[in-house]
J.: 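Quick one: the structure is below, questions incoming.
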Number of protein chains: 2
Amino acid sequence: MNKDKLFEVLAEPNRRRMLDYLRFRERTVGELVALSSLSQPGVSKHLRILREANLVSVRKEAQNHLYRLNAEPLQEIADWFEPYRQFWSSKLDDLENALDEERE
Amino acid sequence: MNKDKLFEVLAEPNRRRMLDYLRFRERTVGELVALSSLSQPGVSKHLRILREANLVSVRKEAQNHLYRLNAEPLQEIADWFEPYRQFWSSKLDDLENALDEERE
DNA sequence: AAATTATATTACTTTTCGGTTATATTTCTG
DNA sequence: CAGAAATATAACCGAAAAGTAATATAATTT
């Protein structure tokens, strides 16, 4: 799965919320429906997209489909932000320097 | 600017690429057009969206509009990924533990 | 002042997305 | 085995997105 696609998948707030729920434990589709404001097919549609992005896996237990988070692909996206960190940390440095100067 | 909107703004690859270019220095619209595969209006349209998301600022110098990165809002987005880091670092821990056991 | 350069905005088109309802599929239960 | 429960898929729709060509605006140069 490439980075562009992953960004797109994560752009949808319902999908991010689902991943957030899955951080704590596996969830059935029904549980995720209850936690969302969407219809069951709406949730299933998003789950399919998450599956195709390899952000979740499923395991069947009777009629229940248990979805589990797979966070690994998120790493790639998080990496995109790395080069930008220096900007906000350098802002902090500026502030520190300013304070240092005041103290002198 | 709220998180949902920011995610959406960043979902567009051309916009991310523009931000990447702006990491190094200010750029005029013309330069960004040259660096992209889009028409000038296309670039201007994306720049407007980046402006409205407060991810860039502009300063005019004669007919040139110089765009500059403002990375601060990215921090909020990067934060979303924090709770997920434990997943990939715990994977690493698992690997380490496995290796440790092998050594014993 | 006219022509040129740099950028923004408008108007329009095509495509994609997210949502819904209806339906199919699978498994459990009485 | 019939009905219920859980989920997925299909078909459809409206709204939004991204792109372009044409045009407006502003500053520059000759």
Side-chain angles (χ1 to χ4, degrees), chain A residues 1-22 25-70 73 77, chain B residues 1-22 25-70 73 77:
Chain A
M1 179 69 48
N2 72 82
K3 197 174 295 197
D4 287 0
K5 191 66 187 171
L6 273 175
F7 259 105
E8 213 175 273
V9 169
L10 294 178
E12 218 290 321
N14 292 299
R15 287 195 287 264
R16 284 202 307 283
R17 225 168 295 131
M18 289 183 189
L19 294 178
D20 284 340
Y21 289 132
L22 293 172
R25 58 175 166 285
E26 292 183 319
R27 303 275 194 178
T28 66
V29 178
E31 286 173 324
L32 292 170
V33 171
L35 287 163
S36 83
S37 56
L38 301 176
S39 64
Q40 175 267 312
V43 169
S44 281
K45 218 169 164 183
H46 285 304
L47 285 171
R48 179 182 192 162
I49 290 168
L50 290 172
R51 249 187 288 135
E52 288 172 354
N54 195 32
L55 285 164
V56 299
S57 58
V58 215
R59 131 183 118 76
K60 294 182 197 178
E61 191 162 279
Q63 329 96 309
N64 302 307
H65 293 201
L66 285 155
Y67 280 82
R68 168 192 290 276
L69 175 67
N70 176 30
I77 301 304
Chain B
M1 180 66 48
N2 70 82
K3 197 174 293 199
D4 287 0
K5 190 66 186 170
L6 273 174
F7 259 105
E8 212 175 272
V9 169
L10 293 178
E12 216 291 323
N14 292 299
R15 289 197 284 263
R16 284 203 308 283
R17 225 169 293 130
M18 289 183 190
L19 293 178
D20 283 339
Y21 288 133
L22 293 172
R25 56 176 167 287
E26 291 182 320
R27 303 276 194 177
T28 67
V29 178
E31 286 172 326
L32 293 169
V33 171
L35 287 163
S36 83
S37 56
L38 302 176
S39 64
Q40 176 266 312
V43 169
S44 282
K45 218 167 164 184
H46 285 304
L47 284 172
R48 179 181 192 162
I49 291 167
L50 291 172
R51 249 186 290 135
E52 288 171 354
N54 196 32
L55 285 165
V56 299
S57 57
V58 215
R59 122 185 123 77
K60 293 182 196 178
E61 191 163 280
Q63 329 98 308
N64 301 308
H65 294 201
L66 284 154
Y67 279 83
R68 168 191 290 275
L69 174 67
N70 177 30
I77 302 303

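Convention: sequence-line order gives letters A, B, ...; per-chain numbering from 1.
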J.: Just by modelled atom types, is the Thr28(A) backbone N or O under 3.5 Å from a matching donor or acceptor in the Glu31(A) side chain?
T.: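 Yes, the answer is positive, given that a donor and an acceptor are paired below the 3.5 Å cut-off.
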J.: Is Leu38(A) close to Lys45(A) at the side-chain level, that is, under 4.5 Å between some pair of heavy atoms?
T.: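 Of all side-chain heavy-atom pairs linking Leu38(A) with Lys45(A), none is under 4.5 Å.
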J.: Which nucleotides of nucleotides 19-30 of chain D have their base under 4.0 Å from a protein heavy atom (B), which only their sugar-phosphate (S), and which neither (-), written as one string 5' to 3'?
T.: BBBB----SS--
J.: Decide yes or no for Leu32(B) and His46(B): does some side-chain heavy atom of the first lie under 4.5 Å from some side-chain heavy atom of the second?
T.: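 No, every pair of side-chain atoms sits at 4.5 Å or beyond.
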J.: Taking the side chain as every heavy atom from C-beta outward, state whether Leu50(B) and Met18(B) have any atom pair closer than 4.5 Å.
T.: yes
J.: Tell me yes or no: between the side chains of Arg51(A) and Tyr67(A), is some donor less than 3.5 Å from an acceptor?
T.: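 Checked: Arg51(A)/Tyr67(A) side chains pair up, N/O donor to acceptor below 3.5 Å.
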J.: Classify the nucleic acid contact of Glu8(A) as base, sugar-phosphate or nothing, counting any heavy atom under 4.0 Å across all strands shown.
T.: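 Answer is sugar-phosphate: Glu8(A) comes under 4.0 Å of backbone atoms only.
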J.: Is the shortest side-chain heavy-atom distance between Val29(B) and Asn64(B) below 4.5 Å?
T.: no
J.: Is it the case that the side chain of Asn70(A) and the backbone of Ser57(A) share a donor-acceptor pair, with hydrogens and angles ignored and the cut-off at 3.5 Å?
T.: no
J.: Charged N to carboxylate O under 4.0 angstrom, Glu52(B) versus Lys5(B)?
T.: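 So Glu52(B) does not pair with Lys5(B) through a salt bridge.
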J.: Quick one: how far along DNA chain C does chain A reach, first to last nucleotide 5' to 3', anything under 4.0 Å to a heavy atom?
T.: dC17(C) to dC28(C)
J.: Which whole-number value in Å describes the distance from Leu47(B) CG to dA18(D) C1'?
T.: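 It is 14 Å, rounded to the nearest whole Å.
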J.: Is the phosphate of dA18(D) approached by Arg15(B) (side-chain N or O, under 4.0 Å from OP1 or OP2)?
T.: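 True: Arg15(B) side-chain N/O within range (under 4.0 Å) of dA18(D) OP1/OP2.
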